Amino acid sequence: MELDHLVVAGENLNAATAHIEEALGVPMQAGGSHAVFGTHNRLLHLSDGLYLEAIAKEPGITPEQSPCWYALDQFQGDPCLSIWACRTANPDGAAAHWPEAGRRLPLARGAYRWQMFVPETGVLPYDNLFPALLSWQGPHPTAALTPQGCRLKRLIITHPDAEALRQCLALTDAGLGYALCFETGQAGLGAEIETPHGLRHL
């Protein structure tokens with residue numbers, strides 16, 4: 001697997017969007033809706049084949065399935081960086097190797113098609129800090145996003161069992177242009193992002 005995108009969740013999409021735009025000083029682009037879980041999003045291009053997503057539950061929409069992915073049913077408070085998502089070109093192998101990632105669901109948003117691994121509870125292992133796994137079945141969203149001069153420098157995954165999570169995933173950041181850092185401490189995510197305004201933090 002390899003890093004695909006980062007997710008900022010909010011109680012509503014405008015709040016999640018504003019959190020990113022104020023932190024990084026660049027505008028986000030329109031996304032769309034996910035009918036299966038009743039969510040909607042906006043996106044921001046990052047270099048190295050990555051992107052940043054703002055997401056929230058969409059008002060007035062009855063989801064086709066519940067509980068909601070990304071633990072959004074439980075989300076409360078200020079918007080924050082809450083999920084990191086990794087893609088795999090071998091979803092069958094990923095399903096066998098990481099059964100804790102959840103069941104595979106076929107999803108779609110506009111022209112995009114992908115398989116998503118979603119736990120039965122909607123909450124990922126390691127206090128929701130296990131990466132959300134997906135496998136794209138067509139074009140990747142970054143192809144349609146306008147570069148804003150932003151690049152991920154470091155993603156910091158902090159958890160009391162950070163070393164166990166790191167060993168479980170066996171990810172490497174060698175040659176990727178950014179660092180994946182696992183640190184022991186209170187569960188949470190942090191990102192350092194290079195922007196046209198200098199180094200910013202999420």
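Given the structure is predicted, the values throughout are model-derived calculations rather than measurements.
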Under the salt bridge (Lys or Arg N to Asp or Glu O under 4.0 Å) rule, collect the residues that match up with [X], sequence neighbours excluded.
| X | value |
| --- | --- |
| Glu58 | none |
| Arg103 | Glu120 |
| Glu163 | Arg166 |

Using 0.5 Å steps for rounding, measure from the [atom1] atom of [X] to the [atom2] atom of [Y].
| X | Y | atom1 | atom2 | answer |
| --- | --- | --- | --- | --- |
| Leu189 | Asn128 | CG | CG | 9.0 Å |
| Leu180 | Trp84 | CG | CH2 | 6.0 Å |
| Cys86 | Leu171 | SG | CG | 5.5 Å |
| Leu107 | Gln65 | CG | CD | 8.0 Å |
| Tyr70 | Leu124 | OH | CG | 8.5 Å |
| Leu81 | Ile193 | CG | CD1 | 7.5 Å |

Are any of the side-chain heavy atoms of [X] and [Y] separated by less than 4.5 Å?
| X | Y | value |
| --- | --- | --- |
| Met28 | Glu21 | yes |
| Arg109 | Ser33 | no |
| Pro139 | Tyr112 | yes |

Gln167 atom CD: more than 12 heavy-atom contacts under 6.0 Å: yes
[X] and [Y]: which non-hydrogen atoms are nearest, and at how many Å?
| X | Y | value |
| --- | --- | --- |
| Ile61 | Gly38 | CG2-CA, 3.8 Å |
| Leu13 | Ala54 | CD1-O, 3.4 Å |
| Thr184 | Pro160 | CG2-O, 3.7 Å |
| Ala85 | Leu134 | CB-CD2, 4.0 Å |
| Leu202 | Val8 | CD1-CG2, 4.4 Å |
| Val26 | Pro196 | CG1-CD, 4.0 Å |

Kindly indicate, with the supporting measurements, whether the criterion side-chain contact (heavy atoms from CB on, under 4.5 Å) is fulfilled by Met1 and Leu133. CA-CA 8 Å; Met1 71 167 83; Leu133 297 186; 3.5 Å; yes
Expected output: side-chain [X] to main-chain [Y] donor-acceptor under 3.5 Å:
| X | Y | value |
| --- | --- | --- |
| Asn12 | Ala15 | yes |
| Trp136 | Arg113 | no |
| Asn41 | Gly32 | yes |

For residues 10-43, pull every pair meeting ring-ring contact (aromatic ring centres under 6.0 Å, His included), keeping only residues two or more places apart or in separate chains.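 Non-adjacent pairs meeting ring-ring contact (aromatic ring centres under 6.0 Å, His included): His34-Trp69, Phe37-Trp69.
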Listed partners of [X] passing side-chain hydrogen bond (donor to acceptor under 3.5 Å, both in side chains), at least two apart:
| X | answer |
| --- | --- |
| Asn14 | Arg42 |
| His45 | none |
| Tyr51 | His5 |
| Thr88 | none |

Can you list the steps and then say if Arg87 with Glu2 is a side-chain contact (heavy atoms from CB on, under 4.5 Å)? CA-CA 6 Å; Arg87 59 180 175 256; Glu2 60 181 328; 3.4 Å; yes
Taking only distance into account, with no hydrogens and no angle test, what donor-acceptor pairs under 3.5 Å do side-chain atoms of residues 72-79 form with protein atoms, sequence neighbours excluded?
residue : atom : partner : partner atom : Å
Asp73   : OD1  : Lys57   : NZ           : 2.7
Asp73   : OD2  : Cys68   : N            : 2.8

Quick one: side chains of residues 141-151, donor-acceptor pairs under 3.5 Å with protein atoms, not counting sequence neighbours, listed by atom name and distance.
residue : atom : partner : partner atom : Å
Thr142  : OG1  : His140  : ND1          : 2.8
Arg151  : NH1  : Asp48   : OD1          : 2.9
Arg151  : NH1  : Asp48   : OD2          : 2.8

Pairs meeting criterion side-chain hydrogen bond (donor to acceptor under 3.5 Å, both in side chains) with involvement of residues 192-202, two or more places apart: Arg154-Glu192
Return all side-chain donor-acceptor pairs below 3.5 angstrom for residues 90-101, not counting sequence neighbours, or 'none' if the list is empty.
residue : atom : partner : partner atom : Å
Asn90   : OD1  : Gly93   : N            : 3.0
Asp92   : OD1  : Arg104  : NH1          : 3.0
Asp92   : OD1  : Arg104  : NH2          : 2.9
Trp98   : NE1  : Cys168  : O            : 3.1

Please report the C-alpha distance between Leu169 and Phe182 in whole Å, then the side-chain angles of each, then the deciding distance to 0.1 Å, and finally whether the side-chain contact (heavy atoms from CB on, under 4.5 Å) criterion is met. CA-CA 11 Å; Leu169 299 173; Phe182 292 83; 4.2 Å; yes
Do you reckon Val7 sits in the same ILVMFWY cluster as Val123, going by side-chain contacts under 4.5 Å, direct or chained?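 They do not share one cluster, since no chain of ILVMFWY contacts under 4.5 Å joins Val7 to Val123.
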Going hydrophobic residue to hydrophobic residue with side-chain gaps under 4.5 angstrom, can you get from Ile83 over to Tyr126?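 They do share one cluster, since a chain of ILVMFWY contacts under 4.5 Å joins Ile83 to Tyr126.
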